[in-house]
Amino acid sequence: MSPLLRNALPTSFAAGVLSFLTYFMHGEHHLHVVLYIQLFVGSCLASLVILTQLQQCTLSVAMTLVYQVGVTYLAGLYLSRAFYRLLLSPLNRFPGSKWARLTSFWLPWQNRRSDCFRQLKHLHDTFGPIVRIGPNNLSVAHHKAVQVIYGQGSLCTKAAWYDLTRPMVSLQTFRDSRLHTERRRVWSIAFGDKALRGYEQRLKVYREQLMLHLTESEGQPVNVTRWFNLYSFDFMGDLAFGKPFDMLQQGEHWAIQLLTAGLKPLAFAFPVWFFRVLIAIPGLSRDWWRFIDFCAQRMEQRLRTPVEVPDIMSALSAPLKGKQPSSAEMHLLRGDAQLIVVAGRSVPAKPSFSFTSPPEKKYKYPDTPLMTPSDTTATTLSATIFQLAQHPEQIEKLRKELAPYMTEPNGEVLNEKIANLEHLNAIINEVLRLHPPVPSMLQRKTPPEGIDIDGEFIPGNTVVSCPQYVLGRSSQIYEKPEEFIPERWYLQPDLIKEKKAWAPFSTGTYGCIGKPLALLNIRTTLARLVTQYDITFAPGEDGTSFEGKATEKFTINFGDLMISFKKRGD
Ligand code: HEM
């Protein structure tokens, strides 16, 4: 070994350890990872030049030296980090796999079948209410945690995960609470009572198209997972851009296919820095940019076109008072427009890492298994039909409750008439308990001073999440947790031990602002379905694929569910 190398190696190892202790151990780094890689590669190249030009080394000697010094630096950095994570981290007292302590790729490996909610249930069944799921991540399935972590006045903030699309932001991805509050104020106008009544008018058009398809199916199997998605996306497209994607009439739109492809990587719950490195690789995120461009074009068209019945964009663009938006305002409007399209999914629109682009055409839609994006309202409707088809007595009960209000000849009913029906709401609550559309990874960061959950201290700057799917099926929180008993929500309250653990729309400052719209849609659609059709599993359907093939990409995507809808009285 040359004397140069003999001195350089211990020094670079020490530099690696030191950079971990003084820099990488503290704060967040996910936004700078690409810069770090560039700096590292840049330093290696600069060292090569210095060694060959100033130190008169041959190229092969210089390359060996740079390679060994670089590797030793990284060894110092990563070994010290591993040592800290395995032996010194304050999170080590929480149970979980040793691999979860060591690497943030442990969870993606567990999620390789895209079923994070199932993996978390298994982990909590094995290890208890608080489980270590990453070097700095805890999953907390404790009823008191929901309010402490998400509730009004919580000191927890949105975790680094929400920086996935930076610099593009939307209401959902603001991590700065002041900016979030300002934007939420604008959004809240879009969900006032008057605005909702307008959306209800707009919704009827798409419901009519859905009902027409069900009637025309004449009892033949209909894949509800798919059809509720088409229905939801048309409606959300209408609210965002003043016109639908025409998916109920023409099948899946290419832009929604881009979105679907873009959501695939989410299934693995990769660390956010890894996503950002992928986005930075030219070509990999091409589909993502095409989806963004599509939304931007539609949004700009919408701003130029006045609408008779206000949509969500009417409220979001109102502060412009007809002025041309500045580039910052335009950026935000674009982010929010995408959020509306995917908001039913409640995810910040994600970059797509697909190597192939779906063709730019609209697809015809046979009721065959096809990868469709799933939206939260649609998944709730599908899960409700899944439960009702297995519990015909609940359909009967619901029909009786609805009967006095279903007086319109076309079968429609206004939300305001049925909004307070106990059994209808209880069915929806029970479905959301057993099948929460956002089942697990609502990540928050604890404040620097840490938080206390029922006497258990969780250190500051830890990433925590409360998995609704696990909480919803916990015997600590519900009696007979695996059974579908809507009555627990009004007639048998003793079947719920801890009501505050139920938060499928999340809660507090960042809770779902679209909840009234989602409930309006679910109530009125359900009312029409159960009063107009006999609903049963189609021949050969037993419901196993629906849950068995469910995958999670932040929101849940259920498997196909073939249902036969027979017009009542036929
Ligand atoms: C059953 C249907 C729905 C469920 C279960 C649901 C659930 C959720 C959840 C859990 C969050 C919190 C997400 C987070 O903290 O990252 C959220 C946020 C949000 N949801 Fe929904 N959602 C539903 C429907 C809708 C609809 C129809 C809209 C309409 C546009 C909507 C708009 C939003 C928006 C804008 C946010 C971000 C709020 C904020 O950060 O201040 N949601 N939703």
Side-chain angles (χ1 to χ4, degrees), residues 146 149-152 154 156-165 169-177 179-191 195-196 199-200 202-203 228 231-233 235-241 266 311-313 315-316 335-350 374-384 428-429 431-445 464-469 471-472 502-523 525-526 554-556:
V146 175
I149 292 173
Y150 306 99
Q152 208 63 46
S154 167
C156 294
T157 50
K158 289 198 171 178
W161 189 82
Y162 291 87
D163 279 336
L164 211 72
T165 57
V169 282
S170 70
L171 173 69
Q172 197 197 0
T173 58
F174 277 127
R175 294 181 70 196
D176 178 314
S177 64
L179 293 177
H180 175 265
T181 309
E182 271 174 25
R183 192 66 188 158
R184 179 125 178 160
R185 217 170 280 138
V186 176
W187 267 78
S188 59
I189 298 166
F191 290 94
L196 283 178
Y199 306 155
E200 193 165 10
R202 303 181 83 104
L203 175 63
F228 288 145
Y231 171 53
S232 272
F233 271 111
F235 180 45
M236 295 319 273
D238 181 297
L239 289 186
F241 306 120
L266 283 189
D311 54 12
I312 297 183
M313 194 46 77
L316 299 188
D336 279 344
Q338 285 151 46
L339 176 58
I340 300 167
V341 177
V342 295
R345 316 171 60 113
S346 295
V347 289
K350 293 301 180 306
S374 178
D375 128 310
T376 47
T377 308
T379 54
T380 309
L381 283 170
S382 314
T384 311
I428 298 170
N429 285 2
V431 167
L432 289 169
R433 173 181 77 82
L434 285 168
H435 311 281
V438 188
S440 2
M441 298 302 280
L442 222 53
Q443 299 180 31
R444 298 289 183 265
K445 185 164 109 172
V464 283
S465 46
C466 293
Q468 273 295 310
Y469 179 86
L471 289 167
W502 183 86
F505 293 95
S506 191
T507 177
T509 323
Y510 305 118
C512 178
I513 201 165
K515 179 178 169 183
L517 178 62
L519 290 177
L520 176 155
N521 190 349
I522 295 165
R523 284 192 202 109
T525 305
L526 202 54
F554 187 77
T555 50
I556 204 152

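Counting convention: from 1, in listed order, for ligands and their atoms alike. Hydrogens, waters and symmetry mates are skipped; everything else that's a heavy atom, side chains included, is used. All values derive from a computational prediction rather than experimental measurement.
Ligand 1 places these atoms under 4.0 Å from at least one heavy atom of Gly511: 38 (C). Of all the atoms in ligand 1, the ones that sit under 4.0 Å from a non-hydrogen atom of Ile513 are 34 (C), 35 (C). Each of the atoms 40 (O) of ligand 1 lies under 4.0 Å from some heavy atom of Lys158. Of all the atoms in ligand 1, the ones that sit under 4.0 Å from a non-hydrogen atom of Arg184 are 38 (C), 39 (C), 41 (O). Close approach to Ser506 involves these atoms of ligand 1, each under 4.0 Å from a residue heavy atom: 10 (C), 12 (C). With ligand atoms numbered from 1 in the order given, ligand 1 contributes 39 (C), 40 (O), 41 (O) to contacts under 4.0 Å with heavy atoms of His180. Residue Pro504 approaches ligand 1 through these ligand atoms, each under 4.0 Å from one of its heavy atoms: 5 (C), 7 (C), 10 (C).
Not close to ligand 1: Arg183, with no non-hydrogen atom less than 4.0 angstrom away. For Phe174, the closest heavy-atom approach to ligand 1 does not fall below 4.0 Å.
Heavy atoms only, all atoms of each residue included: Leu432 and Pro504 are closest at CB-CG, 3.7 Å. Residues Ile149 and Cys156 approach most closely at O-CB, 3.5 Å, considering heavy atoms.
Judged by distance alone, the side chains of Tyr231 and Asn521 do bring a donor and an acceptor atom under 3.5 Å apart.
Contacts between Arg444 and ligand 1 below 4.0 angstrom, taking non-hydrogen atoms only, involve the side chain exclusively. No part of Lys515 comes within 4.0 Å of ligand 1, judged by heavy-atom distances. At a 4.0 Å heavy-atom cut-off, ligand 1 touches Leu442 through the side chain alone.
For atom 1 (C) of ligand 1, the nearest non-hydrogen atom from the set Leu520, Thr507, Thr509, Thr380 belongs to Thr380. Relative to atom 19 (C) of ligand 1, the option among Ala518, Cys512, Gly514, Pro437 with the closest non-hydrogen atom is Cys512. Nearest to atom 16 (O) of ligand 1 by heavy-atom distance, out of Phe505, Tyr510, Tyr162, is Tyr162. Of the listed options Thr377, Leu171, Thr379, Leu519, Thr377 places a heavy atom closest to atom 27 (C) of ligand 1.
Looking only at distances, a side-chain donor or acceptor of Tyr199 sits under 3.5 Å from a matching main-chain atom of Ala190. For the pair Tyr150 (side chain) and Ala503 (backbone), a donor-acceptor distance under 3.5 Å is absent. Within the 3.5 Å criterion, the main-chain N or O of Gly472 finds a donor-acceptor partner in the side chain of Arg433.
Leu381 is listed as a side-chain neighbour of Ile522, based on a closest heavy-atom distance under 4.5 Å. Considering only heavy atoms from C-beta on, Thr555 stays 4.5 Å or farther from Thr379 through its side chain.
Evaluation of the side chain to side chain donor-acceptor pair (under 3.5 Å) rule for Ser232 yields Asp375 as partners, not counting sequence neighbours.
Just one of Ile513, Leu179, Thr509 meets the side-chain contact (heavy atoms from CB on, under 4.5 Å) condition when paired with Arg184; it is Ile513.
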